[in-house]
Amino acid sequence: MRIYDIIKRKRDGFSLSKEEIEYFINGYTDGKIPDYQIASLLMAIFLNKMNDKETLYLTRAMVESGEKVDLSSIKGIKIDKHSTGGVGDSITLVLGPMIAACEVPFVKMSGRGLGHSGGTLDKLESINNFKVDISKEDFIQNTNKINISICSQTTNITPADKKLYALRDVTATVDNISLISSSIMSKKLAVNSNGIILDVKVGSGAFMKDLKEAKNLARTMVNIGKNYGRDTIAIVTNMDQPLGKAIGNNLEVKEAIETLKGKGPKDLLELALILGSKSLVLAKEVQTEKEGRKVLEEAINSGKAYNKFIELVKYQYGDIKEIENPDLFPRAKYIIEVNSKKEGFIKKINAEEIGKCALKLGAGRETLETEIDLSAGIILNKKVDDYINLDETLAYIHTNDKIKGEEVKEQILDIYIIGKKNIKDQKLILDEIY
Ligand code: URA
C-alpha cells in the first residue's frame, strides 16, 4: 500500500477501505508518513467527505492508536459527558456533582480551553491547589469512593488524534463532520464508560453555526458510540448567547457553586437538570426523566450536590476554603461597568464575540502555551429577552489590564443588540438524538 494512492483515491471521490484508513493512521502516528501527505489527504477528506463506514473505521483506528483506560473496576454504570465547546459552559462543574450526589459514577477526562471557548481543566485549576493530573489509579479509587473524578486526558490515549488535530488546526480542515466526530468519539471510546451523553452546541459561540450540520454531527457521534456498544445520546443545545452569566475561569467556578446551591442562572441549572435526568435514566438509576429531574432537584435543595463538589475538590487536593467562601477567590484588579447607551430588550449577544473579549482579557488561550489569567473575564448582567434601561449595567468586565478592559467595554456595547422584544423565544434544547 502507498499513501500516494490513498490520497489520489480520496481526491477522486472514492471511499477508503478499513485497511487504507488503518494504514494512514498507523503510519502517521509512527512518524513514517510526513505531515505534508496527511495534510493533503485531510483536505481531500474535507472536500469529498467520508461516509458513515469510513468515519467508523477512522474512529476505530484512532482509538487503537494508543492506550485505553479500563474503568471496569469502578462499580456501577459510569457516565461520561462531552460538550463540543462553547462560551460560559461550566456544565461539567454542575452536572458532575449533581449526578454523583445521586449515586451515579461520573467519570470525565477533560481538555483545556482554546480560542474563544473555555475548558474544564482551566476552570478547575482556578481552585487553589486543585490537581487535574492525577494518576489512573487515583481516578478509579476516587470514583469508587465518591462517585466523581475529573482529570486531564492521559498523554497516551489517541496519539493519532493529537497529531491530526494539530495539523487540522493549521490546514483549515477542522470543521468536517467525520473528522470532528472521530476526534471526539475516539477520546471517549478509549475510556470505557458505559453511558455517553453528548452536548452538541450550535450557534454563534459553537463550532457548528448551522442547526442541520449540528444535528448531523450529533447523529454521526451517536452512531459511532452505539456501534461500540455504548449507550450514547446527544442533545443539540443553543450556544447563540453564552450559557449562564459568567465567562472566565474562577468566575465560572463561583457561578457553578451558586448553581449547585440552587441560586445560579436559570439556563445553566436547566441544562444541567436536562442532561442530568437523561444521565440518571442511562445509568438505570431512575425509569423516567421526570423522576430523574425530581431526584436531582432534591440533590440541589438538600445541599447534597454542593457537598459533592466540596468532596471532589478535597479528593483532588484543592482548597475548600475558597469553595466555602467564594469571596476568597483572587479578584481582578479592575471591575469595569458596561452601562447601556440605549433602552429596550436585549435581542442578541453574540457568544463568539463575547468569548473573544474574554480571550483578550487573558481568560482564554490563543495557543496551548499561553498562560491564562484565572480571575479575568466578564459577568453578563443582562441576557437575551431582558429589558435594559438607559445607563443600566449590561455587563461587568473583570480585568488586570485597564487598557484592554476599556477596549473590551466598547466592544461589549457593540455586541449587545438592543431593540424590540424578540418574537421567538430562545430555545435551550434544539434536538435530541438517541
Ligand atoms: N473537539 C475535538 O476534540 N476535536 C475536534 O475535532 C473538534 C472539537
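When a ligand or atom number is given, it counts from 1 through the structure's own listing order. Position 1 is the first residue of the sequence, and the numbers go up from there.
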(message) For K314, is there an ion pair with E311 - N to carboxylate O distance below 4.0 angstrom?
(response) no

(message) Taking N128's backbone N and O only, do any of them form a donor-acceptor pair with E322's side chain (distance below 3.5 Å, no angle check)?
(response) yes

(message) Regarding K209 and E352, does a basic nitrogen lie under 4.0 Å from an acidic carboxylate oxygen?
(response) yes

(request) Report all protein residues having a heavy-atom distance below 4.0 Å to some atom of ligand 1; order the list by chain, then number. (result) Y165, R168, I180, S183, I184, K187, F207

(request) Could you verify whether a donor N or O on one side chain and an acceptor N or O on the other, from K187 and T158, lie under 3.5 Å apart? (result) no

(request) Applying side chain to side chain contact (heavy atoms under 4.5 Å, CB included), name anything that partners S204, two or more places apart in sequence or on another chain. (result) D240, N350, A351

(request) Identify which one of L380, V384, V338 satisfies the side-chain contact (heavy atoms from CB on, under 4.5 Å) criterion when paired with Y416. (result) L380

